[in-house]
Amino acid sequence: MRVPFDVPEDGYDLVVVANRLPVDVSLDESGEPTWTRSPGGLVTALAPVMAGAGDEGAWVGWGGSPDLELEPFVVDGSLLVPVALSQVDVERYYEGFANDTLWPLYHDVIAPPQFHRQWWDAYQRVNRRFAEAAARRAAHGGTVWVHDYQLQLVPAYLRELRPDLRIGYFHHIPFPPLEIFAQLPWRTQVVEGLLGADLVGFQRAGDAANFVRVVRRLTDLTTRGQVVTVGEGTPQQRHVRAAAFPISIDSHAFDELARTPEVQARAKEIRAELGDPAHLLLGVDRLDYTKGIRHRVKAYGELLEDGRLSATDTVLVQVASPSRENVGAYQQLRDEVELLVGRINGDHGTVGHAPVQYLHQSFPMEEMAALYLAADVMLVTALRDGMNLVAKEYVAARSDDRGALVLSEFTGAADELVGAVLVNPHDIAGMKDAITYAVHMEPRESRKRMRRLRRRVLGHDVAAWSQQFLAALTAVPAGQGAADAGERGRRDG
Ligand code: G6P
């Protein structure tokens, strides 16, 4: 088989390609690289997958700071391969095209997407750089797993460079309906980029269906159910499958963490520090306009105003971890949320008691587990969310079968988490009723609901997710559509 790119002799059988490395790298005062865990659901989900691949696995991604050229390094047995982004790349590819064009477009245009040709140029350029880095690391006939909306062109670029590979792509965020996707000036190129993969995975069946419909309308390729035929009737003919693989968390590890005496003690301490309120409500999100933080805080403020919740005996802890702070829509959101929180505390607080505890910070896993355990009601009110792993973390932490989950129907998690109190976050009156219901839920009912939630979350963890995706990908012969089928037969046979 002709491979237009040098295949490394000591290549990796599994190469993950994601915008971020699982660690944020920076240089300390002496110029030595140091790292901390990166934010977000993707990294949380993939850490155990990489641990499973051991020294057969490599991860290609950005270290999280601009203009940082670093050599590959090993963390927990896998090779991390940093891709350098210049300041201009960060502005145009990451903050621009990924997070000010695609992110709002794919989340129901909650914020208006910006379309700029320079950003698109940067997106193509950076996607090519990621594809080249992966092509340099993958073993002959190896598997490359590309992740998320920042890298939708990588599958096609990579197939061009290395037709011998098996290429999977997983989309962690929603895939929008055709009517919204069609706004993108470069919609056809994006679809063609994704069709470079053998398997395109989504969170929900509805996302996969949206994608197939987009393929049907924007290309003249044949589709049969969820399978698209590319290069039909040519020696390059191959099939691309679209399917749903709902992502999860390392539920058992989380369950165990929350059972440790330290976390249990910390949960009690948190309640005590908050003045042992009768009701403790919790929100945990990246500070992002898709998460419905304003809607949630507004509903809570009105419940205090109406006297349906006691301002002196109730606390809402809202953890809002800093995110994408150079993007205008995020700066605006921060101002709005902080204004609202300030108003509620101003109107309903007393000396020594604030009804909203707002924390614009990130916390380690142990502290998160303690917060989940301390909370009577967890509020996940996203306006649109691919999955929402916070909802699953809350459930995994509740080995006491207590607590109630209020969950937006616009999250991928709502498809799975039967037992949650579902809400439409746009319906403030309905959300106020749901919060009140959850706060006053009979222990018998909340136990029953929580047991059902836990069966699902503990029965389908992130290991099951990645195994299902990789099994479906491995079922595809490597090098599909590469001209020399003879050699492929020898290698796979
Ligand atoms: C979501 C996305 C991830 C992203 C994470 C954090 O979970 O699906 O791809 O990494 O948010 O966002 P950031 O822009 O900080 O990487």
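Both ligands and their constituent atoms are indexed starting at 1 by order of listing. These numbers come from the heavy atoms of this one structure, side chains and all, not from hydrogens, waters or symmetry mates.
Neither the backbone nor the side chain of N19 has any atom closer than 4.0 Å to an atom of ligand 1 (non-hydrogen atoms only). If you look at R286 next to ligand 1, the close heavy atoms, those under 4.0 Å, all belong to the side chain.
For the salt bridge (charged side-chain N to carboxylate O under 4.0 Å, His left out) with R384, the qualifying choice from D207, D288, D108 is D108, the only one to do so. Looking at T101, L102, D89 one by one, the single match for side-chain contact (heavy atoms from CB on, under 4.5 Å) with Y123 turns out to be L102.
Checking T223 against R216 by side-chain atom types alone, a donor-acceptor pair falls below 3.5 Å. In this structure, a donor-acceptor pair under 3.5 Å is present between the side chains of E95 and N326. Counting only N and O atoms by type, the side chains of Y149 and N99 include a donor and acceptor under 3.5 Å apart.
For the ligand labelled ligand 1, residue Q150 lies inside the 4.0 Å heavy-atom shell.
Nearest to atom 15 (O) of ligand 1 by heavy atom, out of H171, R20, E325, E95, is R20.
Not a single N or O atom of H172, backbone or side chain, sits closer than 3.5 Å to an N or O atom of ligand 1. Polar contact with ligand 1: absent for Y149 (N/O pair, distance under 3.5 Å). Not one N or O of W103 is nearer than 3.5 Å to an N or O of ligand 1, by distance alone.
Below 4.0 Å from some heavy atom of R324 lie the following atoms of ligand 1, by number and element: 5 (C), 6 (C), 11 (O), 12 (O), 13 (P), 14 (O). The distance from ligand 1 to the heavy atoms of I173 drops below 4.0 Å at these ligand atoms: 8 (O). Residue D148 has at least one heavy-atom neighbour below 4.0 Å for each of these atoms of ligand 1: 2 (C), 3 (C), 8 (O), 9 (O).
Residues K291 and L383 form no side-chain contact, since every pair of their non-hydrogen atoms from C-beta on lies 4.5 Å or further apart.
Ring to ring, W119 and Y93 are not that close: their centroids are 6.0 angstrom or more apart.
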